[in-house]
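The structure appears right after this line, and notes come after that.
All values below were derived from every heavy atom in this structure, side-chain atoms included, with hydrogens, water molecules and symmetry-related copies excluded.
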Amino acid sequence: MRPTRMLRNGVAVATIVASVLLLGAAATPPPVPDDPADPVRAAEYWLDGAGIRDAWQTTRGDGVTIAVIDTGIAKVPGVFDGAVVGGTDVSGTGTPDGRTPVGAIDGNHGSWVASLAAGRGAADGKGMIGVAPEADLLSISVGFGAAAAVPFTEQVAKAMRWAVDHGADIINLSFTTNTLDWDKSWDDAFLYAFENDVVVVVAAGNRGSGTDIIGAPATIPGVLTVGGVDQTGTASIEASTQGITIGIAAPSEGLRGVSADGTVVPWSGTSGAAPIVAGIAALVRSAHPELDAANVINRIIKTAIEVPGMADPPDPLYGYGLVDAEAAISGDVPKVSENPMGDLAEWVRLFRRAETVPQPEPTAAPVEVPPLPDADAPTEAGSPLLPSAESLRYGTLPLIALTVPGILIALGVTAAARRIRSARARTPHS
């Protein structure tokens, strides 16, 4: 656990103890300026549907910092006054404070996300207000696609580390890569966040924008992946996707967000569902500063509202169910010792190939081979007209041995024939 959080938690715990001693009960925060009849507030149906207004009776996120790694939180008067306490740019195209929107197309995206998570709202209780309106924000601007002068994987890894080093308790990632796997550099970056007790909330992605299946970083073990539902609590067909790593479902249709120019616009997608959950995580951390990240996530998923017909959790559409902020804060949830969304360190150990170490060269002694016998001395070259020893041995002599007896036999037969004829000639005829 980082020293910054330990100090903050220590102050929070000391304040609670002092309140109990002096007043006999924990102090209830003053009513938040809120006009439900205001058209903008009335459009934020999730404030009641997800139990957020009820959770405000306990906390509004004071003392918690949410890092928004996105296209940058614009300097919108009223909405983010006093909310953004730090920032940076990792895209190579933004400003050092991370407050200049990056990207001609997606420039408003970071402001929409931040307004849902921790927009301040007007003093008269009107206008856009975030889920945790007293939480602090960090603005870390990244560039998507052609807007990036730095490789995207490198931007994310750098942004994660910067957020952790600058006090983030929660990191919101409202983007997807549309691929199950992730760059190896993200292993260390996300592990760095988990090892420093940071809750990482990630959008599941949207079918309407071409995401058929859930993709990284929503597939990384340990993150809290958010799927989307419509105003009735039914899984969204266009503004969400599905996958076995979804942990919780939150509204993703008919959302509102504050653009860089201060206008409130409608939008949809799990990019908006994620900061709603990130804001709820901030409420839980504020109400329970003694809990580590694993138990904050556990309270959110274990107090979720099950949807009729959903499979045994985690359901590929709803995860553990619909998020309920008030139940996550006040529910009786046993503590856990491990992150219920998985263990990235163990995954890396099992599935990443170990670094290969060069093997030493073999040092075996050479095998002794006995010398071959000396070759026969070459014979002197002779005349081709004279017989050689070989030809005499294997050709001439055998031929003589066969021919001489044959000649002698032939001569004997001939002589015998002559004697017979001579004898017949001397014999008188009768």
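- A salt bridge links Asp187 with Arg352; the closest basic N to acidic carboxylate O contact falls under 4.0 Å.
- Taking Arg53 as the reference, Asp34, Asp48 meet the salt bridge (Lys or Arg N to Asp or Glu O under 4.0 Å) condition, with sequence neighbours excluded.
- Scanning both residues, Val226 and Ala250, for their nearest heavy atoms gives CG1-CB, 4.0 Å.
- In terms of the salt bridge (Lys or Arg N to Asp or Glu O under 4.0 Å) criterion, Asp343 has no residue partners (sequence neighbours excluded).
- Residues Asp165 and Tyr192 bring a donor and an acceptor atom of their side chains to less than 3.5 Å of each other.
- In summary, the side chains of Thr93 and Ser91 do present a donor paired with an acceptor at a separation below 3.5 Å, with no hydrogens or angles considered.
- Partners of Lys75 under the salt bridge (Lys or Arg N to Asp or Glu O under 4.0 Å) rule, at least two apart in sequence or in another chain, are Asp97.
- Under the 4.0 Å criterion applied to side-chain N and carboxylate O atoms, Lys126 and Asp35 are assigned as salt-bridge partners.
- Atom CD1 of Ile52 sits about 8.5 Å away from atom CH2 of Trp46, to the nearest 0.5 Å.
- Ring-plane geometry between Trp267 and Trp112 is classed as tilted, the angle between the planes lying from 30 to 60 degrees on a 0 to 90 degree scale.
- Of the N and O atoms on the side chains of Glu253 and Ser268, not one donor lies less than 3.5 Å from an acceptor on the other residue.
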Passes side-chain hydrogen bond (donor to acceptor under 3.5 Å, both in side chains), Asn295 versus Asp292? Steps please. CA-CA 6 Å; Asn295 279 283; Asp292 60 11; 2.9 Å; yes
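- In this pair, Trp186 and Phe190 present their aromatic rings tilted. The plane angle is within the 30 to 60° band.
- The main-chain N or O of Gly205 is found under 3.5 Å from a side-chain atom of Thr270 such that the two form a donor-acceptor pair.
- Using a 4.0 Å cut-off between charged side-chain N and carboxylate O, Asp197 and Arg285 make a salt bridge.
- Taking the six-membered ring where the residue is Trp, Phe144 and His109 present perpendicular rings, their angle passing 60° and hence far from 30°.
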